[in-house]
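Shown next, in structure tokens, is the structure this report addresses.
These numbers come from the heavy atoms of this one structure, side chains and all, not from hydrogens, waters or symmetry mates.
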Amino acid sequence: MNLFSSLKFSSSSSSTKSFSFRFLLCLLLLNFFYVLTFASLRNHQYQQNHKKPTMILANLTSCSLFMGSWVYDETYPLYQSSSCPIIDSQFNCQMYGRPDTDYLKYRWKPTNCEIPRFNGLDFLLRMRGKTIMYVGDSLGRNQWQSLICMISAAVPRGAQTQYITGDPLSTYKFLDYGVSVSFYRTPYLVDIDSVQGKRILKLDDITKNSNAWRGVDVLSFNTGHWWTHKGALQGWDYMDLGGKLYQDMDRLVALERGLRTWARWIDANIDKSRTKLFFQGISPTHYNPSDWTTGTSTSSSTRTCYGETVPMTGTAYPGTFPDQMGVLKEVIGNMNNPPFILDITFLSAMRKDAHPSIYSGALTSEQKANPDHSADCSHWCLAGLPDTWNQLFYTALFF
């Protein structure tokens with residue numbers, strides 16, 4: 001006999017059954033809506049946490065990292081010069097009276113990608129126990145000090161540091177993280193010897209300088225400006241090429257020979273699985289206002305960036321593109337072990353506003369009154385443009 005068919009219900013039990021059925025139905029409906037709502041929330045959270053990531057790339061095939069525009073951004077600069085432990089007087093524009101500050105608030109926006117905001121603590125954690133060295137001229141020193149300022153702004157209060165200054169090598173250490181950031185001064189990369197009181201630029205020899213670069217985890221090189229200097233600014237008396245001395249030669253030819261000596265040393269001595277390699281593009285100068293004032297009455301004898309407060313716009317290179325950059329790309333293009341070119345030339349060319357000008361160290365009142373002869377339109381203020389170089393360096397290094 002069917003068990004259920006044997007059961008007899010009174011009218012009161014029927015009422016109880018009806019109530020129980022309705023109660024059970026309510027529970028089932030509540031459970032259904034709970035499951036549905038939970039699934040919806042899970043799906044929403046998944047979508048929120050798995051949005052298509054911002055494209056952050058450090059190669060020129062997928063991201064035009066070095067082509068774009070300057071965007072005004074109130075969240076910049078990343079640090080105040082007054083709080084940085086290491087800025088040369090020639091780069092410390094705010095200390096030496098620069099009255100405007102808008103030049104500090106521009107962010108580089110590549111054409112077809114986004115780059116990460118620099119995070120000094122993240123940099124230290126990723127580089128824990130490692131060494132970084134900038135090698136080159138005073139533009140490399142400009143960038144070296146910028147990186148130290150950017151990192152210092154993010155480290156916890158009381159973090160232990162050490163600064164060892166020297167020539168040609170200076171080092172700043174973040175001791176709690178085992179990270180050292182060095183600058184090795186060598187404007188030509190190749191060696192200079194002193195023979196009977198004369199400075200001999202050895203286009204075929206890099207032995208002395210290169211000893212300092214061995215075993216470094218990240219190397220960033222630059223050169224270019226000193227090769228064109230003449231007169232009192234020329235850094236050598238003779239050039240030695242193939243054992244023969246020259247009082248002078250085509251400067252681009254000399255640069256090419258010196259760079260090939262550097263390239264041979266890199267190919268023979270640097271293991272890129274151990275050492276990250278970078279080469280900084282040529283940093284432009286702004287001594288010729290006709291490069292950005294076409295059609296105005298600016299005197300052709302004026303040679304200064306004094307008074308410039310905003311970047312240039314557009315996609316065309318202003319003025320004459322540096323010949324040194326062509327030589328650099330040709331040499332690197334023939335290397336077996338090429339560095340990543342941090343091609344800051346165009347984006348820097350748009351920043352006529354970012355130089356120290358007459359706010360470069362303790363100039364006299366007479367010097368400040370004559371910017372055509374005293375304005376520094378070659379180096380860059382800190383905080384300022386070199387911070388963007390290091391943001392791109394950070395992007396290329398880690399992303």
Side-chain angles (χ1 to χ4, degrees), residues 56-60 63-71 76-78 91 103-104 106-118 132 134-147 149-150 183 187 189 218-226 259 276-286 291-292 305 311-329 331-332 338-356 377-399:
I56 302 175
L57 299 170
N59 61 76
L60 301 182
C63 171
S64 299
L65 197 61
F66 306 110
M67 293 302 298
S69 59
W70 288 99
V71 178
Y76 280 68
L78 298 175
F91 310 145
Y103 73 95
L104 295 170
Y106 286 94
R107 169 176 57 83
W108 179 246
K109 171 65 175 71
T111 301
N112 64 343
C113 61
E114 295 290 340
I115 55 178
R117 188 180 179 90
F118 184 88
I132 304 106
Y134 293 97
V135 179
D137 58 28
S138 55
L139 277 308
R141 184 176 181 86
N142 218 174
Q143 187 178 4
W144 169 64
Q145 293 188 357
S146 163
L147 184 65
C149 293
M150 294 168 78
F183 171 67
L189 300 185
V218 180
L219 282 168
S220 179
F221 295 90
N222 90 289
T223 191
H225 283 267
W226 280 78
L259 280 175
K276 298 290 183 66
L277 277 175
F278 293 83
F279 207 108
Q280 178 88 314
I282 303 300
S283 175
T285 62
H286 290 93
D291 289 343
W292 62 86
C305 56
M312 285 179 267
T313 58
T315 57
Y317 191 90
T320 304
F321 190 78
D323 292 330
Q324 301 100 308
M325 197 61 186
V327 175
L328 172 63
K329 287 187 174 181
V331 171
I332 288 179
F340 180 91
I341 300 179
L342 204 69
D343 193 356
I344 51 81
T345 304
F346 170 76
L347 63 90
S348 302
M350 310 308 283
R351 294 306 306 273
K352 59 183 172 59
D353 60 312
H355 295 287
C377 302
S378 177
H379 298 103
W380 308 92
C381 296
L382 294 179
L385 175 66
D387 304 334
T388 296
W389 298 352
N390 281 320
Q391 184 184 12
L392 293 166
F393 173 67
Y394 172 70
T395 302
L397 191 56
F398 299 127
F399 295 91

Fill in: With His355 via ring pair (Phe, Tyr, Trp, His ring centres under 6.0 Å) - residues at least two apart
His286, Trp380

Practice prompt. Look up atom CG in Leu392 and atom CH2 in Trp108, then write down how far apart they are to the nearest 0.5 Å.
Written response: 8.5 Å

Worksheet item: Hey, what's the ring geometry for Phe399 with Tyr394, parallel, tilted or perpendicular (30° and 60° as the breaks)?
Response: perpendicular

Item to complete: Using a 4.5 Å cut-off on heavy atoms from C-beta on, say whether the side chain of Gln280 contacts that of Phe221.
Response: no

Discussion item. Is the shortest side-chain heavy-atom distance between Pro116 and Thr395 below 4.5 Å?
Written reply: yes

Worksheet item: Do we see a donor-acceptor contact under 3.5 Å between the side chains of Ser138 and His379?
Response: yes

Discussion item. Test side-chain contact (heavy atoms from CB on, under 4.5 Å) on Phe91 and Asn142; report intermediate values, then the result.
Written reply: CA-CA 7 Å; Phe91 310 145; Asn142 218 174; 3.4 Å; yes

Response to the item:
To the nearest 0.5 Å, atom CD1 of Ile132 lies from atom CG of Leu219 at 10.5 Å

Discussion item. Determine whether Cys377 and Thr285 satisfy the following criterion, side-chain contact (heavy atoms from CB on, under 4.5 Å), listing intermediate values before the conclusion.
Written reply: CA-CA 6 Å; Cys377 302; Thr285 62; 5.5 Å; no

Item to complete: State, to 0.1 Å, how close Pro110 and Leu65 come at their nearest heavy-atom pair, and which atoms those are.
Response: CG-O, 3.7 Å

Worksheet item: Does NZ or CZ of Arg107 lie under 6.0 Å from the centre of the six-membered ring of Trp70, at an angle within 45° of the ring axis?
Response: no

Fill in: Side-chain heavy atoms of Thr223 within contact of Pro187, under 4.5 Å
no

Item to complete: Decide side-chain contact (heavy atoms from CB on, under 4.5 Å) for His225 and Gln324; before the verdict, give the C-alpha distance in whole Å, the side-chain angles of both, and the deciding distance to 0.1 Å.
Response: CA-CA 8 Å; His225 283 267; Gln324 301 100 308; 5.5 Å; no

Item to complete: State, with a plain yes or no, whether a side-chain heavy atom of Pro318 is found less than 4.5 Å away from one of Met350.
Response: yes

Worksheet item: Is Asp291 paired with Lys352 through a side-chain N to carboxylate O contact shorter than 4.0 Å?
Response: no

Item to complete: Please report the shortest heavy-atom distance between Gly314 and Phe346, naming the atom on each side.
Response: O-CZ, 3.6 Å

Discussion item. Please give me the minimum heavy-atom distance between Leu328 and Gly281, naming the atom from each residue.
Written reply: CD2-CA, 4.5 Å

Worksheet item: Can you name the ring pair (Phe, Tyr, Trp, His ring centres under 6.0 Å) partners of Phe278, sequence neighbours left out?
Response: Phe340, Phe393

Item to complete: Kindly give the heavy-atom pair with the smallest separation between Asp343 and Leu347, and that separation in Å.
Response: O-CD2, 4.5 Å

Worksheet item: Does Phe279 reach the side chain of Ser220, with side-chain heavy atoms less than 4.5 Å apart?
Response: no

Discussion item. Checking the side chain of Thr345 only, and the main-chain atoms of Ile282 only, is there a donor and an acceptor separated by less than 3.5 Å?
Written reply: yes

Discussion item. For Tyr103, is there any backbone N or O sitting under 3.5 Å from a side-chain donor or acceptor partner on Arg351?
Written reply: yes

Worksheet entry | No-hydrogen, no-angle side-chain donor-acceptor test under 3.5 Å, Ser348 and Trp389 | yes

Worksheet entry | Sequence-distant partners of Asp137, salt bridge (charged side-chain N to carboxylate O under 4.0 Å, His left out), two or more places apart | none

Worksheet entry | Test log, rule side-chain contact (heavy atoms from CB on, under 4.5 Å), inputs Asn112 and Cys63 | CA-CA 6 Å; Asn112 64 343; Cys63 171; 4.2 Å; yes

Worksheet entry | Residue pair Gln143 / Asn390, side-chain heavy-atom distance below 4.5 Å | yes

Fill in: Least distance between heavy atoms, Phe118 atom then Leu78 atom
CB-CD1, 3.9 Å

Discussion item. When you measure from the side chain of Thr111 to the backbone of Ser64, do you find a donor-acceptor pair of N or O atoms at a distance under 3.5 Å?
Written reply: no

Item to complete: Can you measure from CG (Leu382) to SG (Cys149) and round to the nearest 0.5 angstrom?
Response: 6.0 Å

Discussion item. Quick one, Cys381 and Leu385 - any side-chain contact, counting heavy atoms below 4.5 Å?
Written reply: no

Fill in: Closest approach of Ile341 to Met325 (non-hydrogen atoms, all atoms of both residues)
CG2-CE, 4.0 Å

Worksheet entry | Side-chain touch Asp387/Tyr76, heavy atoms, less than 4.5 angstrom | no

